[in-house]
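These figures come from a predicted structure and were not determined experimentally.
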Amino acid sequence: MKYLTIFFTLFIVLIIILADLGQLGFLKLLNQIPFADKIGHFVLYGILTLLLDLTFTRALPPPSRKLIVLRIALILSLLIGLEEYSQQTFTKRTFDLVDITFGFVGVIFFAWLA
């Protein structure tokens, strides 16, 4: 599980970097589908949340599992907000509160699943 979590985290970081550089390639086609960007935020950040939660909660005793899930959710929410805010500095990106909202809802939903 640990290696899958690391791989998926790096995958998301790569997508963010490519988007910032305007080099998404075939992934640009997905943006032509209505709401694909929003669904992507929900699903990708949600899966990342679930993987991180499962990885860390397996390593800790039961009483602290809820606390670690909450901490992961808060840290990811902060990072999602910072990443979305930073898009204002890139000409190929646009800041969107709806994107942040879908990212946050993905984190909350998948944290609840964990």
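- With hydrophobic clusters built from ILVMFWY side chains whose heavy atoms lie under 4.5 angstrom apart, Ile108 does not share a cluster with Ile80.
- Residues Ile68 and Leu4 share a hydrophobic cluster, clusters being chains of Ile/Leu/Val/Met/Phe/Trp/Tyr side chains in contact below 4.5 Å.
- In terms of hydrophobic clustering, with Ile, Leu, Val, Met, Phe, Trp and Tyr side chains grouped at heavy-atom distances under 4.5 Å, Leu44 and Ile75 are assigned to different clusters.
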- Item | Pair Leu82-Tyr85, side chain to side chain contact (heavy atoms under 4.5 Å, CB included): steps then yes or no | CA-CA 5 Å; Leu82 288 173; Tyr85 183 76; 5.6 Å; no
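- Side-chain heavy atoms closer than 4.5 Å link hydrophobic residues (I, L, V, M, F, W, Y) into clusters, and following such links, even through other members, never connects Val13 to Leu18.
- Of all heavy-atom pairs spanning Arg93 and Asp20, the tightest one is NH1-OD1, 2.5 Å.
- Atoms CD1 and CZ, from Ile72 and Phe110 in turn, are 15.0 Å apart once rounded to the nearest 0.5 Å.
- Thr94 approaches Glu84 most closely through the heavy-atom pair O-OE2, 3.5 Å.
- If you chain together hydrophobic residues whose side chains sit under 4.5 Å apart, Ile12 and Val105 fall into the same group.
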Name every donor-acceptor pair, under 3.5 Å, that has one atom in a side chain of residues 33-40 and the other anywhere in the protein, sequence neighbours excluded.
{"from": "Asp37", "atom 1": "OD1", "to": "His41", "atom 2": "ND1", "distance (Å)": "3.3"}
{"from": "Lys38", "atom 1": "NZ", "to": "Asp96", "atom 2": "OD2", "distance (Å)": "2.8"}
{"from": "Lys38", "atom 1": "NZ", "to": "Asp99", "atom 2": "OD1", "distance (Å)": "2.8"}

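- Across all non-hydrogen atoms, the minimal contact from Phe95 to Gln88 is CB-CG, 3.5 Å.
- In this structure, CG in Leu76 is found 10.0 Å from CZ in Phe104, a value given to the nearest 0.5 Å.
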Only distances under 3.5 Å count here; give the side-chain donor-acceptor pairs of residues 47-57 to other protein atoms, sequence neighbours excluded, each with its distance to 0.1 Å.
{"from": "Thr49", "atom 1": "OG1", "to": "Tyr45", "atom 2": "O", "distance (Å)": "2.8"}
{"from": "Thr55", "atom 1": "OG1", "to": "Thr5", "atom 2": "OG1", "distance (Å)": "2.7"}
{"from": "Thr55", "atom 1": "OG1", "to": "Leu51", "atom 2": "O", "distance (Å)": "2.8"}
{"from": "Thr57", "atom 1": "OG1", "to": "Asp53", "atom 2": "O", "distance (Å)": "2.6"}

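- Here the side chains of Val69 and Arg65 are not in contact, with every heavy-atom distance at 4.5 Å or above.
- Taken from CG in Leu74 to CG in Leu79, the straight-line distance is 11.0 Å, to the nearest 0.5 Å.
- In this pair, Phe11 and Phe7 present their aromatic rings parallel. The plane angle is below 30°, not in the 30 to 60° band.
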